[in-house]
> 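Pasting a structure here, questions to come.
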Protein chains: 2
Amino acid sequence: MNLKQLSELLGLSQTTVSRALNGYPEVNEATRERVLQAVKETGYRPNKAAQRLATGKAGSIGLVMPTAPDHYSDVHFGEFLTGLGEEAVRHDFHFVIMPADPNDEVGALRRLAISGNVDALFVAYMRGHDPRLPMLKSLSMPFLVHGRSIGSEPDYPYLDIDNEAAFYDAARLLLQLGHTRFALLNGPGHLDFAIRRKNGLVSALSERGLSLPEDCVSHSAMTDELGQAAMERFLQMPECPTAILCSSTVLALGAIRAVNQAGLKLGEDISLIAHDDVLPHLKPENFSVPLTTTRSSLRAAGVRIAQRLIGTVKQDGPYPEQELWKTELIVRSSTGPAPRPDQNLGGV
Amino acid sequence: MNLKQLSELLGLSQTTVSRALNGYPEVNEATRERVLQAVKETGYRPNKAAQRLATGKAGSIGLVMPTAPDHYSDVHFGEFLTGLGEEAVRHDFHFVIMPADPNDEVGALRRLAISGNVDALFVAYMRGHDPRLPMLKSLSMPFLVHGRSIGSEPDYPYLDIDNEAAFYDAARLLLQLGHTRFALLNGPGHLDFAIRRKNGLVSALSERGLSLPEDCVSHSAMTDELGQAAMERFLQMPECPTAILCSSTVLALGAIRAVNQAGLKLGEDISLIAHDDVLPHLKPENFSVPLTTTRSSLRAAGVRIAQRLIGTVKQDGPYPEQELWKTELIVRSSTGPAPRPDQNLGGV
DNA sequence: TGCGTTTGTCAAAGCGCTTTGGAACAGGGT
DNA sequence: ACCCTGTTCCAAAGCGCTTTGACAAACGCA
């Protein structure tokens with residue numbers, strides 16, 4: 001069944017049917033109803049290839065999927081994709097992925113762009129001075145990045161959360177509670193969000209004349225196991241930190257296991273604030289000691305990014321070029337006043 | 001630059017240029033050279049949408065990407081995707097993914113098929129009686145599955161490895177070495193490969209009149225952490241198993257950590273055989289005690305599947321409908337004779 | 001010389017949509 | 001009666017490719 005057949009069936013012209021289907025105003029509501037009804041009955045679906053040829057829009061957004069273990073083993077990315085997908089389905093858009101060797105992302109991105117299969121590009125996992133940025137700018141194709149790239153001119157469209165403020169605020173809370181010895185359980189050190197979170201923490205500390213020793217910073221992929229390992233190292237330090245900032249609830253999961261195994265009490269001996277991406281299977285309120293968190297939904301970010309990207313392609317913007325979402329600092333029980341200095345923690 | 005312009009530039013007809021480009025025989029070699037040269041100079045690229053409309057082929061294969069933590073956190077899937085991608089790039093094919101809620105895979109698959117954006121479908125992570133199979137068969141679209149679905153009529157095109165034989169052979173080797181107490185570190189219990197591997201082990205054991213106690217079987221996602229946890233449980237059993245079969249080198253990584261921490265020697269106190277998917281970052285020969293493995297490259301499977309799928313779409317088959325790859329049993333140092341029965345292992 | 005066969009090329013007809021530029025018709029005002 | 005303004009619809013022209021059917025030119029062979 002194609003447009004021609006359908007229009008003949010209805011005794012209308014292709015033009016009218018097409019317009020009825022695409023919501024143009026110059027068609028009688030009664031006619032439109034009749035068309036819609038016929039579509040339902042016949043199961044007519046417009047041919048995508050023809051639509052694409054006629055409009056010049058593929059109805060798709062491209063992304064390169066790095067196949068390094070670090071990346072795809074990342075629960076966070078899946079959650080984000082879910083959001084993207086939800087919104088895309090709503091608009092009948094689809095995703096084209098290009099699996100790529102992690103040290104040829106730029107090439108993969110270019111191939112994807114010139115392949116002619118996509119209308120817009122999306123990139124994530126931004127790093128400092130990210131080499132993909134100049135490449136994206138040189139392309140004449142809309143794109144949107146999730147996150148930012150520290151060290152690059154911020155003249156590109158992005159959606160990011162205010163990582164620096166998040167960790168700055170979290171640190172301030174802990175400082176107010178009297179903590180002075182901090183540690184940071186961060187994501188991979190080359191990623192932009194990790195850099196900014198660290199900066200946020202450092203600047204809150206320096207306002208109080210404190211600093212963050214390098215051995216109190218752990219950079220790793222965000223799995224609970226690595227969180228546990230890092231926390232174990234922190235706990236073995238002679239001057240064990242009492243305030244922990246954690247880049248993910250997944251890392252926190254492991255870290256807390258380490259705390260428990262050391263016989264320490266979360267929220268008493270150790271205060272911990274984690275960034276919460278709102279992963280559906282890992283709710284901070286369900287931890288045995290509910291977690292104080294900085295919250296921002298990764299899935300919502302995915303939805304919003306899809307929205308903007310699709311909007312750009314359909315030209316029904318204008319969308320703000322750059323969005324910086326604030327996070328919410330939600331206090332639960334994993335934070336408490338710093339233990340009195342004479343209390344012994346180290347020797348467990 | 002489009003075909004028309006290019007052909008005018010060359011003083012040829014569109015027909016001839018098109019044929020020259022697509023390797024048709026009825027065009028003079030000299031002419032073809034001239035065309036190819038012009039393409040290089042002008043940077044002409046055929047419009048995908050037009051090609052697609054004219055040929056009816058989208059040049060793409062679709063896959064649904066389940067967004068459950070179990071799935072995308074799986075290193076193995078990434079490795080497989082890499083293989084798929086390698087081959088697809090070679091043929092200028094692309095992937096369309098549909099992120100999907102894990103309990104709506106069937107719906108997602110259908111939506112993908114009728115979207116008109118793909119020529120063929122691919123599915124993986126087969127389970128027993130997999131509900132996607134009847135759905136795929138009802139579609140009139142080529143598809144290929146990686147793995148099989150036990151309990152379903154095997155009348156669909158698949159590529160699988162002989163999981164049963166692999167673990168049967170591995171078990172036989174260990175039996176010959178005198179082992180009698182076995183344990184199985186398996187993948188998620190609902191997945192077909194896990195079922196078959198268990199079957200392979202069980203049938204080797206039953207030939208010797210042995211059985212596999214249920215508490216000697218662990219089913220979990222294949223991460224090293226879970227491997228370690230499971231192995232720790234095995235080691236605490238009163239009659240600790242001496243022969244371990246392991247569904248992935250990733251699980252083995254964790255399991256071996258547990259063995260070491262228990263002060264046991266791999267290849268002496270405990271023999272272990274792991275299935276090796278040939279993950280580039282985890283080579284069994286580089287383990288401190290090199291691993292005895294059943295080997296079959298996941299990436300190669302990806303390449304082959306892409307090959308077959310693309311071939312089917314381009315109709316240059318026929319490819320075998322069903323392929324069952326044998327695995328290789330490669331003996332290294334993690335296997336050895338069973339410790340003498342009077343030796344004490346349990347009390348560590 | 002004439003006749004059948006390749007060989008190399010072309011004009012034109014799709015593929016199934018969207019969109020432009022009218023046209024037909026109705027109703028309202030003069 | 002006329003013109004004017006909307007409303008509702010249509011015929012036809014693309015979009016940029018592939019593919020069909022035909023046609024000269026060149027060739028071998030009698």
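Order of the sequence lines fixes the chain letters, A, B, ..., with proteins taken first and strands second; residue numbering starts at 1 for each chain.
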> What nucleic acid atoms does B:Gly11 come within less than 4.0 Å of, heavy atoms only: base, sugar-phosphate, or nothing?
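Sugar-phosphate only.
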> Can you identify which nucleotide, out of D:dC9, C:dT9, D:dC10, has its nearest atom closest to the A:Ser13 side chain?
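The nucleotide sitting nearest to the side chain is D:dC10.
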> Can you tell me which residue pairs pass the side chain to side chain donor-acceptor pair (under 3.5 Å) test with a partner in residues 53-64 of chain B, sequence neighbours excluded?
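Output for this query is empty, none listed.
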> Tell me, please, which residues at least two apart from B:Arg90 pass salt bridge (charged side-chain N to carboxylate O under 4.0 Å, His left out).
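Salt bridge (charged side-chain N to carboxylate O under 4.0 Å, His left out) check on B:Arg90 returns B:Glu86, B:Glu87.
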> If you look only at pairs with a residue in residues 135-146 of chain A, which of them pass as a salt bridge (Lys or Arg N to Asp or Glu O under 4.0 Å), with sequence neighbours excluded?
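Qualifying pairs, neighbours excluded: A:Lys137-A:Asp155.
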> In whole angstrom, give the distance that lies between atom CD of A:Glu33 and atom C1' of D:dT8.
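Whole-Å distance recorded here is 16 Å.
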> When you check the gap from the basic side-chain N to the acidic O, do B:Asp192 and B:Arg148 get nearer than 4.0 Å?
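No salt bridge links B:Asp192 with B:Arg148.
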> Find the distance A:Glu26:CD to D:dT7:C1' and express it as a whole number of Å.
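After rounding, the reported distance stands at 10 Å.
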> Name all pairs fulfilling the ring-ring contact (aromatic ring centres under 6.0 Å, His included) condition that reach into residues 135-156 of chain A, sequence neighbours left out, sorted by first residue then second.
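Applying ring-ring contact (aromatic ring centres under 6.0 Å, His included) to every pair that reaches into residues 135-156 of chain A, excluding sequence neighbours, yields A:Phe80-A:His146, A:Tyr156-A:Tyr158.
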> Rounded to the Å, how far apart are A:Leu12 CG and D:dA11 C1'?
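A:Leu12 atom CG is separated from D:dA11 atom C1' by 14 Å.
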> Which nucleotides of nucleotides 13-18 of chain D have their base under 4.0 Å from a protein heavy atom (B), which only their sugar-phosphate (S), and which neither (-), written as one string 5' to 3'?
-BBBBB
> If the condition is side-chain contact (heavy atoms from CB on, under 4.5 Å), which residues does A:Gln37 pass it with, not counting sequence neighbours?
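For A:Gln37 the side-chain contact (heavy atoms from CB on, under 4.5 Å) partners, ignoring immediate neighbours, are A:Glu41.
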> Partners of B:Ser18 by side-chain contact (heavy atoms from CB on, under 4.5 Å), sequence neighbours excluded?
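Scan of B:Ser18 (side-chain contact (heavy atoms from CB on, under 4.5 Å), adjacent residues dropped) gives B:Leu3, B:Asn22.
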> How bent is the helix from C:dT1-D:dA30 to C:dT30-D:dA1, measuring the angle between the end axes built from five pairs each, rounded to 10°?
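End-to-end axis angle for the helix from C:dT1-D:dA30 to C:dT30-D:dA1: 60°, rounded to 10°.
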> Please collect all side chain to side chain donor-acceptor pair (under 3.5 Å) contacts where either partner lies in residues 1-15 of chain A, sequence neighbours excluded, each pair once.
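Output for this query lists A:Ser13-A:Thr16.
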> Rounded to whole Å, how long is the line connecting atom CG of A:Asn28 with atom P of D:dG6?
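Checked: the CG to P distance equals 18 Å.
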> On the nucleotide C:dG8, are OP1 or OP2 found under 4.0 Å from the side-chain N or O atoms that B:Thr16 carries?
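Answer no for this pair, as no side-chain N or O of B:Thr16 is under 4.0 Å from OP1 or OP2.
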